[in-house]
Amino acid sequence: MATYRVGILKGDDIGLEVVPVAVDVLKAAVRRHPEITIDWIDLPIGYPSYIDCGETLPESTLEALGGLDGWFLGPIGHMAYPRDDPKAINPHPILRRQFDMVSNVRPTISYPSVPSVHQDVDLVIIRENNEGFQPDRNMFKGQSEFMPTPDMALSMRVITRRNSSFVAHTAFKMAQQRDKQKRVTAIHKNTVFKLGCGLFVDVCREVAQEYPDITFDTMVVDTFAMNLVRKPQVFDVVVTTNMFGDILTDEAAGIVGGLGLAPGICVGPKYVMAQATHGSAPDIAGRGIANPYAMIMSGQMMLEWIGKTRDDAELAAAADKVARGVKAVMADPAKVTPDLGGKNTTEGMGQAVCRAIENL
Ligand code: ATP
C-alpha cells in the first residue's frame, strides 16, 4: 500500500477550471488501483492567493511543496499582477529554481480527429529550464540583463555543464523508455555561440556515450525549426537549451492543433511539477470552454514520473489508464472542447475522460 502526497496549485484564470478537472481525472484513475492512496493538498498561489493573503507565492506554500511527491501548477497570469508590489511576484521562475527543476519535458502528439498541419507526430522536446537567456532565473543574485546607456541593452546567457548533462540524461532515458526510434537530437547554434552551444553539444555528446542503444545526432536550431514544420514525424526525442526550447515547443504545439494540446512536466533530481505549456488564457477564462487536455496529460506525465522514479508499477499503470482514457475521448469529436472543433465544456470533457477510465 503506497501513499503519495500531491499538491494542487490552481494558478490564475483558466487554471481555476482546468486544474480541478485534471485532478478529477487522476482521482478516477487512482480509484482503479486500490493499492495506491494519494493525499491531495490544496495550496494557495497566484492572484487568488494575493487577494486572500497579500502574496502570490506565500512562504507557507513553498514550505509545504518541499514535503510533496509532486504537484500541479496551473497557468499563472502574472502580467495582470500589480506592477509596484514586491509581494505580487511571478511564482514560475522561483518554483523552477528553488526546487531545482532542470528539465522541462514537453511532448507533441497529433490526433487523427483534430485538424492539424501534420498527422502521425509523436515527439518530445526536453528543454533546459533554469538558465539560458532567461534573466528571471539564470542568476543566483542580480540581473543578467542591464542597460549601460538608455540606448543599449545587454542580455547574458548562461550554460553550465551540470544542467546540460541533466537535460541530456533526461532525454536519453526518455528515448530508452519510448517505443519509438530510439533517437536523441540535440538542437544548438554552435556555429555562432561557439562557447555556450559548444559546451551544450559537447556535454550531450559525452552523455550519449553512456547510452549506446540510442542514436545521437545534432541539428542547428534554424534547420530544426524548418524541419519541424516540414517533417515533424522524423523526430523522436529532442534536447535543447532554454530559449530555443521555449520557442520550439510552441511551434511544435502549433503543428498538431495548438496550445491546448501541449502538456509538460518540470523535473529535477528530486521534484516533479505538472505544468501545461499554455498560459492562463484570460480571454476565455470563466466561460467553461478551456481545453483541459494539456493539464490532464501534464498530470498523467507527473504520475508516470513518480511511478517510474519510485519503482511503483501500480502508479505507472494508473498513469497509463489516464493516457488511454484521454486517447479514447480525443477520438470522438463530440467529446472535445471548441478549440479542437467540438462543443463540449471543460468539465464535460473531463467527465468523459473519467468515464472512459472507469470503462477500461
Ligand atoms: P504565457 O505567455 O503566459 O504563456 P500566452 O501569451 O502564450 O501566455 P495563452 O494564455 O497561452 O497566451 O493564450 C494564447 C491563446 O491560446 C489564447 O487565445 C488562449 O485563449 C488560447 N489558449 C491557451 N490555452 C488554452 C486552452 N487550454 N484551451 C483553449 N484555448 C487556449
Side-chain angles (χ1 to χ4, degrees), residues 9-25 45-48 50 56-57 72-81 83 88-96 104 106-109 111 113-117 125 127 129 132-137 242-266 273-301 326 329-330 333 335-350 352-353:
L9 288 77
K10 295 194 193 78
D12 298 314
D13 303 316
I14 63 165
L16 306 176
E17 300 163 60
V18 293
V19 174
V21 163
V23 172
D24 283 348
V25 168
I45 199 160
Y47 200 67
Y50 185 74
T56 52
L57 183 56
F72 273 103
L73 175 65
I76 297 292
H78 64 97
M79 294 304 281
Y81 293 174
R83 291 283 116 200
I89 48 166
N90 176 7
H92 270 165
I94 295 169
L95 291 175
R96 289 174 175 185
N104 189 190
R106 291 179 164 179
T108 300
I109 300 172
Y111 288 91
S113 60
V114 177
S116 63
V117 181
I125 299 180
R127 159 201 177 196
N129 223 1
F133 268 120
Q134 272 73 344
D136 58 357
R137 70 197 75 161
N242 199 342
M243 203 173 71
F244 292 162
D246 191 20
I247 298 164
L248 294 170
T249 49
D250 269 33
E251 184 189 335
I255 59 171
V256 297
L259 278 177
L261 286 184
I265 47 171
C266 296
M273 172 169 87
Q275 186 186 19
T277 301
H278 62 73
S280 69
D283 54 331
I284 57 164
R287 291 167 53 196
I289 55 166
N291 180 359
Y293 171 94
M295 196 49 77
I296 295 170
M297 287 305 288
S298 301
Q300 188 276 338
M301 292 170 70
V326 167
V329 167
M330 290 295 284
K335 290 184 177 153
V336 299
T337 44
D339 59 306
L340 301 181
K343 289 199 173 107
N344 212 348
T345 59
T346 309
E347 236 180 81
M349 185 168 163
V353 178

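Everything numeric here is computed off the predicted structure, so don't read it as measured data. Just follow the structure's listing: the first ligand is 1, and inside any ligand the first atom is 1. Just so you know, residue 1 is the first one in the sequence shown, and it goes up from there.
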- Message: Counting only heavy atoms and a distance below 4.0 Å, can you name the residues contacting ligand 1?
- Response: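 Shell around ligand 1 (4.0 Å, heavy atoms): I14, L259, H278, G279, S280, A281, D283, I284, A290, N291, D339.
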Has the side chain of [X] got a donor or acceptor atom that lies under 3.5 Å from a matching backbone atom of [Y]?
| X | Y | result |
| --- | --- | --- |
| N129 | N242 | no |
| S113 | P333 | no |
| T277 | A262 | yes |
| T337 | A290 | no |
| T346 | G288 | yes |

- Task: If the plane angle is over 60° it's perpendicular, under 30° parallel, otherwise tilted; pick one for Y81 and Y47.
- Result: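 It falls in the parallel class, under 30°.
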